[in-house]
Amino acid sequence: MDIRLKFAVKAPIRHISHLDLLRALTRALRRAQVPVAFSEGFNPHMLLSFGPPLSVGFCSLSEYVDLRLAEDMVPDDLVEALNGQLPKGLRVISAKEKAGGTSLMAAINVADYALFYLPDVPDEVKEQLDQAMSCLMEKSRLSVTRQTKSRIREVDLRPGIFDIHLLSNTAVSELESMMDSPVELGTGWFIRVEIGSQINVRPGEIIQLAGARVGDFLVCRVGLFIKQDGKLRCPLTYASLEAC
Amino acid sequence: MRKIIESKLLPYVSKPARYMGGEYNAVQKTWQPDMVKVVLAFPDVYDIGMAHLGLQILYWRINECEDALCERTYMPWMDMYQLMIKEGVPLYSLESFHPIADFDVLGFTLQYELSYTNILHMLKRSGIPLRSKDRTNQEALVVGGGPCAFNPEPIADFFDVFVIGDGEEAIVDLVDLVRRAKDQGWTRQETLEQAATIPGFYIPSFYDVTYYPSGQIAGIAPNNSHALTRVQKRVVADLDQAFFPRNAIVPWIEPVHDRVMVEVMRGCGRGCRFCQAGFVYRPPRERDPLLLREQALDLIRGTGHEEVALTSLSSGDYSQIAPLVKSLMEDLGESRVSVALPSLRVDSFSVGLASEIQKVRKTGLTFAMEAGTERLRKVINKQVTEEDLLAAVAAAFDAGWFSIKLYFMLGLPTEGEEDLAGIVDIVKRVRKLGHERLGRQAGKLRIAVSVATFVPKAHTPFEFCAQDQPAVILDKQRYLKENLGIKGVKLSCHNVEQSVLEAVFARGDRRLSSVLEQAVTLGCLFDGWDEYFNYGLWEQAFGDCGLDMSFYANRSRDFDEVNPWDHIDSGVSKGFLIEEYKTALKVAHSPGCRDRCLRCGVCQELPATMRLVKGSAEK
């Protein structure tokens with residue numbers, strides 16, 4: 001039986017790497033005695049498969065992982081057992097029996113992020129950045145340079161940016177309470193971008209394009225979606241976006 | 001402070017999880033004014049500190065006390081350390097983010113000499129005066145314990161109290177002492193005087209050290225009526241009755257050894273003459289296998305770890321090792337939890353055990369031969385023959401290992417050219433055996449040869465010996481490099497300059513405190529790390545203080561010379577150490593504790609004797 005979990009990453013666990021997150025989840029599954037299946041071979045490991053990794057330092061309200069179970073379990077029971085064993089900042093939101101056959105990595109191609117100003121960013125800097133952010137959508141090209149091991153290449157991010165808008169006050173306070181952030185958050189921006197194998201827009205690059213430093217913002221991934229035939233679907237239910 | 005750390009520091013450092021606390025199972029107690037507050041400090045980075053069992057035992061023991069709490073702190077890595085200085089953030093505890101200065105006790109574990117500069121940096125970052133004499137009633141009591149406390153003299157001026165020997169009972173006495181001090185409103189001096197009356201508690205400021213013009217010590221004498229002439233180490237008589245935590249903190253990031261640990265035995269009765277642990281942790285005391293099994297299962301249940309290690313100085317010597325391993329594997333195999341044996345004896349029995357538990361052949365097996373010839377192994381009392389090694393290695397190759405690690409030391413007392421040739425010869429014989437055994441897969445054979453430099457340690461029969469001059473060691477390393485440039489053999493030699501410094505501090509006196517302080521001023525820290533170790537700065541610090549490294553490292557000492565640690569009593573008598581040294585020079589083995597008692601003094605003088613669990617190991 002395959003189960004897909006949706007989980008949140010908050011403080012302080014947002015500071016650990018993807019690999020450490022995997023270890024933390026594995027240990028919690030062991031403590032909760034969830035009957036996860038193991039791989040064969042000399043070095044058996046739990047059969048888990050994550051969606052696109054979250055950068056160190058980012059929060060998330062919308063991460064996904066697939067588990068293969070050796071024995072069937074009611075998804076809601078699994079959520080309850082696991083939530084009793086998770087470390088600080090890690091929280092399972094819901095679970096469903098996995099429907100489709102594709103892996104999370106292959107399927108997920110759109111991400112929503114909220115970028116919040118950190119408290120010590122001065123107001124005049126915020127104004128400047130607000131100005132720069134609001135202009136980004138109007139540009140026809142947004143080039144960034146990326147360095148790989150061997151070469152530097154230029155990438156146009158513009159086709160991969162679907163939306164940039166200022167978060168409403170209601171949205172900010174709603175998100176803030178969902179994130180239980182240890183830091184007081186200021187106003188913020190919402191971005192919807194393409195991720196995965198095609199353009200893979202990184203929030204850090206958008207921040208850079210606006211002329212800001214990554215340290216000016218706290219970044220929270222607020223949604224991950226599967227874009228199919230022009231429609232956004234929720235990875236958990238495959239329902240179209242409005243139902244998510 | 002937590003907000004500043006969260007928003008201004010953590011986003012800019014590597015591995016921020018080292019500094020954020022709140023790990024699964026970490027104990028979070030609410031601060032009450034009358035509680036005794038202890039912070040345990042590991043003077044190295046989190047990844048190393050979290051793999052250390054001793055501190056975890058003390059942490060859980062203190063937190064068992066209702067009116068005490070214990071938190072942790074580690075040396076911040078360079079990037080974080082510099083940022084903390086820049087932002088004016090003091091060293092803080094991981095549980096509650098309190099500045100270290102708010103605690104009643106700051107306890108350092110003293111695991112290796114090259115962490116001393118980090119201790120000073122941590123004190124500075126805590127805002128606590130470096131020297132004990134400059135501290136007031138308000139400041140935390142700075143306490144040290146662990147193996148280096150057996151010669152604490154180079155850092156004596158920076159500490160208020162050293163606890164010598166086993167810590168799990170002594171730590172309760174320390175908490176009681178501080179509770180009384182708080183209740184009665186004692187001055188710092190009064191607290192230290194009361195501390196001096198507790199067994200195993202050494203108050204360095206209560207002793208005066210006088211020197212001859214040569215720099216040798218003329219005398220060490222108490223200057224306070226509460227201080228004893230000699231401080232005898234604490235020893236836990238019965239490990240089955242001793243406290244051992246049934247739970248463990250699950251680190252956020254992968255520590256150097258990522259597993260839970262049970263301690264099958266304390267002390268080692270083999271008596272290898274270079275090994276300080278083999279003398280200062282006597283007598284050998286084994287823990288009941290059924291208790292160990294319960295402890296291991298509890299730890300696995302509570303943490304979700306994938307591996308449990310059976311630790312001790314020589315776990316292969318534990319009387320019930322095979323049955324214990326077997327029962328644990330039966331209990332844990334189903335849930336894919338593995339059992340690890342970190343210290344392996346050089347024999348085929350141990351290889352058999354290792355192959356049973358290590359179904360994965362990823363890591364190599366390490367065999368500590370220490371010396372290249374039978375003669376030199378007799379000198380150091382390492383009772384392993386080349387036949388033992390070849391049998392063990394053959395068993396390893398037959399069991400499917402392709403990679404073998406051989407460990408040697410250079411500069412052992414009486415070492416000569418034939419001993420170096422012996423190392424080369426052993427490596428070649430292992431390689432030849434590998435080619436024979438592995439047949440068509442011989443191309444996969446890897447032999448890692450790891451060569452350390454001998455460091456004479458206090459409380460061992462070699463405490464009288466000079467360390468080889470650095471140039472001599474370098475020559476010996478060059479010889480090995482020239483002769484071991486063989487396909488499939490990888491030689492790595494330990495940094496000589498670090499070994500020199502280790503030798504200086506291992507047998508150093510109180511005058512070295514000024515050198516340490518000067519080295520810290522010059523910028524020395526993380527001396528155990530190649531990327532930060534700066535020998536030039538150390539040479540400058542010694543020059544500035546008018547002291548000579550070779551006086552400490554490269555001078556042999558007469559039997560009647562007063563050593564800086566002579567007032568610290570490990571239970572092993574100096575007479576026994578002298579006898580052992582003489583036996584070494586006669587190129588002769590001495591029996592281990594399990595074979596015949598040589599009356600080293602421990603079981604005669606201390607309230608403990610060797611304790612072995614029933615039955616004998618199946619060999």
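In this text, all values refer to a predicted model and were calculated from it rather than measured experimentally. Every chain is numbered from 1, with letters handed out A, B, ... down the list of sequences.
No more than 12 heavy atoms of other residues, nucleotides or ligands shown are found within 6.0 angstrom of CZ on Arg68(A). The number of heavy atoms from other shown groups lying within 6.0 Å of NZ (Lys126(A)) is above 12. Within 6.0 Å of the CD atom in Gln28(B), the count of heavy atoms belonging to other residues, nucleotides or ligands exceeds 12. Counting non-hydrogen atoms of other residues, nucleotides and ligands closer than 6.0 Å to CD of Glu87(B) gives a total above 12. The local environment of CE in Met178(A) is sparse, with at most 12 non-hydrogen atoms from other residues, nucleotides or ligands closer than 6.0 Å. Applying the 6.0 Å contact sphere to NZ of Lys29(B) captures more than 12 heavy atoms from other residues, nucleotides or ligands. The number of heavy-atom neighbours closer than 6.0 Å to CD of Gln33(A), taken from other residues, nucleotides and ligands shown, is 12 or below.
Atom NZ in Lys8(B) sits 5.0 Å away from atom CG in Asp120(A) (nearest 0.5 Å). Residue His305(B) holds its NE2 atom at 10.5 Å from CZ of Arg30(A), rounded to the nearest 0.5 Å. The line from NZ of Lys88(A) to CE of Met20(B) is 9.5 Å long, rounded to the nearest 0.5 Å. Between His15(A) atom NE2 and Ile253(B) atom CD1 the span is 13.0 Å, to the nearest 0.5 Å. Note that the CG atom of Leu185(A) and the OG atom of Ser7(B) stand 10.5 Å from one another [nearest 0.5 Å].
Here Glu6(B) pairs with Arg14(A) in a salt bridge; the nearest charged N to carboxylate O distance falls below 4.0 Å. Checked for salt-bridge contact, Arg27(A) and Asp258(B) meet the test: a charged N lies under 4.0 Å from a carboxylate O.
Proximity of Val56(A) to Pro16(B): side-chain heavy atoms (C-beta onward) are separated by under 4.5 Å at one or more points. The shortest distance between side-chain heavy atoms of Arg31(A) and Arg301(B) does not fall below 4.5 Å.
Contact of Tyr19(B) with chain A is not made at all, since no heavy-atom distance falls under 4.5 Å. Heavy atoms closer than 4.5 Å to chain B are found nowhere in Leu21(A), neither backbone nor side chain.
Chain B forms more heavy-atom pairs under 4.5 Å with one residue of Leu29(A), Ile13(A), Leu218(A) than with any other, namely Ile13(A). Looking only at heavy-atom pairs under 4.5 Å with chain A, the residue among Pro11(B), Ser335(B), Ser338(B) that has the most is Ser335(B).
Of all non-hydrogen atoms in Ala17(B) and Ile16(A), the two that sit nearest each other are CB-CG2, 3.4 Å. Considering every non-hydrogen atom in both Glu306(B) and Thr26(A), the closest pair reads OE2-CG2, 4.1 Å. For the residue pair Trp252(B) and Pro12(A), the shortest heavy atom distance occurs at CZ2-CG, 4.0 Å.
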